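For the numbers below, each heavy atom of this structure counts, side chains included, while hydrogens, waters and symmetry mates do not. Note that the structure is predicted; figures quoted are calculated from it, not measured.
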Amino acid sequence: MQITIAGAGIGGLATALSLHAAGFDEVVVHEAAEEIRPLGVGINLLPHAVRELTELGLADRLAAIGVPTAELAYYNRYGQAIWSEPRGLDAGYRWPQYSVHRGRLQLLLLDAVRERLGTAAVRAGSRIPGLDHDGDLLVGADGIHSAVRAALFPGEGAPPWNGLVLWRGTTYGEPFLTGRSMIMAGDGTQKFVAYPIGDGRLVNWIAERPLEGEPPERGNWNRPADLATVVAHFADWTFDWLDVPAVIAGAEAAFEYPMVDREPLPSWRGDGVVLLGDAAHAMYPIGSNGASQAIIDARVLAHSLATTGSTAAYEEIRRPATTALQLANRRQGPEVVMRLAHERAPDGFDDIERVVPLAERTEIAAAYKRTAGFDPALLNERASWSVR
């Protein structure tokens, strides 16, 4: 079977590696950009995605570029703790959770594809404009502005925007909390996220709030932003364990991104074509699931093709799961605890148990893990998607 992949992002490259591992050698990845460069800032890879990369033989390479996340902690806008939980190995998973630079992860996957499938397996400056391709199957992994998706569903238009804007950047600074903590602070509308990447001294941060007027370019993660504007919105967010405005101001640059996703689709497949990753199910960047879900897509697609010769099982497994996750992210996913705390105690609290009881916080976190497919017990016990 000759397989063409549109897009050399994380999803497309993971698909090439997964197909090769499943016995498919005639795989070519086409990337529209003239050069594949390490763009972007930090992302989190959840244990279910790390499992898949581990089973592809990339565990040591991944460990070399990632910071193993020790905890995820939520705070209100005053820096008061709402909820925290261990992550990765500390939470009983058989695989860690990693905070990584998106570009470094992409280059790691690119190197592995070239090593295993040959240098000609990835063609930069080669755009797949729609459904035209040379091969038996076209995998549309070409992102939120997918040309393959547009050919299958013409007239869909721009990704819908929810009125929020994200600013992202990286800043060198002193470690905070455990030194491997991922934190989120906010009130359900305005939010600040931070976690270490690289050598642990580089802090990846995300600031989010409503934006008045028309949004900037939708779906472009690399649009520059004005740091002074971002700092002004978070000027009084100084906690005794983290100085938020100082972290933002310390960045060399920041980028802005309107909070957009895509509507769930009735089907991901056509005649000789299938969608994957953001092209299939672009979702709000909540719960650290975008890249992780694309990697899982890749593994399930390869398993489906190798065991049934069809993409039907892939869609049957993945489309309902990611649709549920898209909708959960629109409801703020596990981050809803910050909104609940603010609604019930807008000026802060003395005892979080009287505001959002432990049982409620625990169930919010557990329910999201079940929806996103990384409940610890279920993930540890699930059969592998490896074919051989």
Side-chain angles (χ1 to χ4, degrees), residues 42-51 66-100 175-188 191-197 200 203-206 208 239-242 283-293 296 324-325 328-329 331-345 349 351-382:
I43 60 172
N44 259 255
L45 285 178
L46 297 174
H48 51 354
V50 175
R51 173 181 179 172
V67 174
T69 309
E71 67 166 345
L72 170 63
Y74 295 96
Y75 297 82
N76 65 8
R77 62 175 298 144
Y78 307 108
Q80 295 178 300
I82 299 170
W83 165 257
S84 66
E85 60 181 40
R87 282 296 177 110
L89 299 177
D90 293 329
Y93 292 99
R94 292 170 54 192
W95 304 272
Q97 175 173 328
Y98 285 118
S99 299
V100 300
F176 56 88
L177 300 179
T178 68
R180 294 188 292 123
S181 299
M182 179 179 184
I183 68 96
M184 299 189 184
D187 56 16
K191 181 179 70 177
F192 184 80
V193 180
Y195 52 85
I197 59 174
V203 176
N204 184 82
W205 57 263
I206 304 156
E208 172 189 315
F239 313 144
D240 57 9
W241 50 272
L242 186 68
M283 58 188 69
Y284 294 156
I286 288 173
S288 308
N289 263 286
S292 293
Q293 294 298 323
I296 297 166
L325 188 53
N329 282 5
R331 299 188 296 269
Q332 297 184 308
E335 299 173 17
V336 72
V337 294
M338 294 185 291
R339 177 173 62 79
L340 294 176
H342 178 73
E343 289 175 349
R344 299 172 188 179
F349 48 79
D351 182 4
I352 185 59
E353 182 65 18
R354 300 178 63 180
V355 179
V356 188
L358 178 61
E360 185 177 6
R361 287 174 280 153
T362 301
E363 178 52 28
I364 288 170
Y368 189 76
K369 292 185 181 72
R370 293 192 295 268
T371 299
F374 67 106
D375 174 85
L378 295 178
L379 177 60
N380 288 344
E381 297 168 6
R382 174 178 62 71

#### Entry: Non-neighbouring partners of Glu335 that pass salt bridge (charged side-chain N to carboxylate O under 4.0 Å, His left out), sequence neighbours left out
Lys191

### Message
Could you check whether any side-chain heavy atom of Leu46 comes within less than 4.5 Å of a side-chain heavy atom of Arg87, counting everything from C-beta outward?
### Response
yes

### Query
Is any side-chain heavy atom of Asn289 closer than 4.5 Å to a side-chain heavy atom of His48?
yes

### Task
With side chain to side chain contact (heavy atoms under 4.5 Å, CB included) as the test, would you mind laying out the steps for Gln80 and Ile352 before giving the verdict?
CA-CA 9 Å; Gln80 295 178 300; Ile352 185 59; over 6 Å; no

#### Entry: Contact check, side chains of Gln97 and Val50, non-hydrogen atoms, under 4.5 Å
no

### Message
I need the His342 NE2 to Asn76 CG distance, nearest 0.5 Å.
### Response
9.5 Å

### Query
Would you say Val336 and Arg331 make side-chain contact, with heavy atoms under 4.5 Å?
no

### Task
Hey, can you tell me if Tyr368 and Phe374 have their rings parallel, tilted or perpendicular (30° and 60° cut-offs)?
perpendicular

### Query
Which is it for Ile286 and Glu208 under the side chain to side chain contact (heavy atoms under 4.5 Å, CB included) test, yes or no, and what are the steps along the way?
CA-CA 11 Å; Ile286 288 173; Glu208 172 189 315; 5.7 Å; no

### Query
Out of curiosity, Asn44 CG to Leu72 CG, how far, rounded to the nearest 0.5 Å?
8.5 Å

### Task
Apply the ring pair (Phe, Tyr, Trp, His ring centres under 6.0 Å) test between Tyr75 and each candidate in Trp241, Trp83, Phe192, Phe239; give the one that qualifies.
Trp241

### Query
Roughly how far, to the nearest 0.5 Å, is CE of Met184 from OH of Tyr195?
8.5 Å

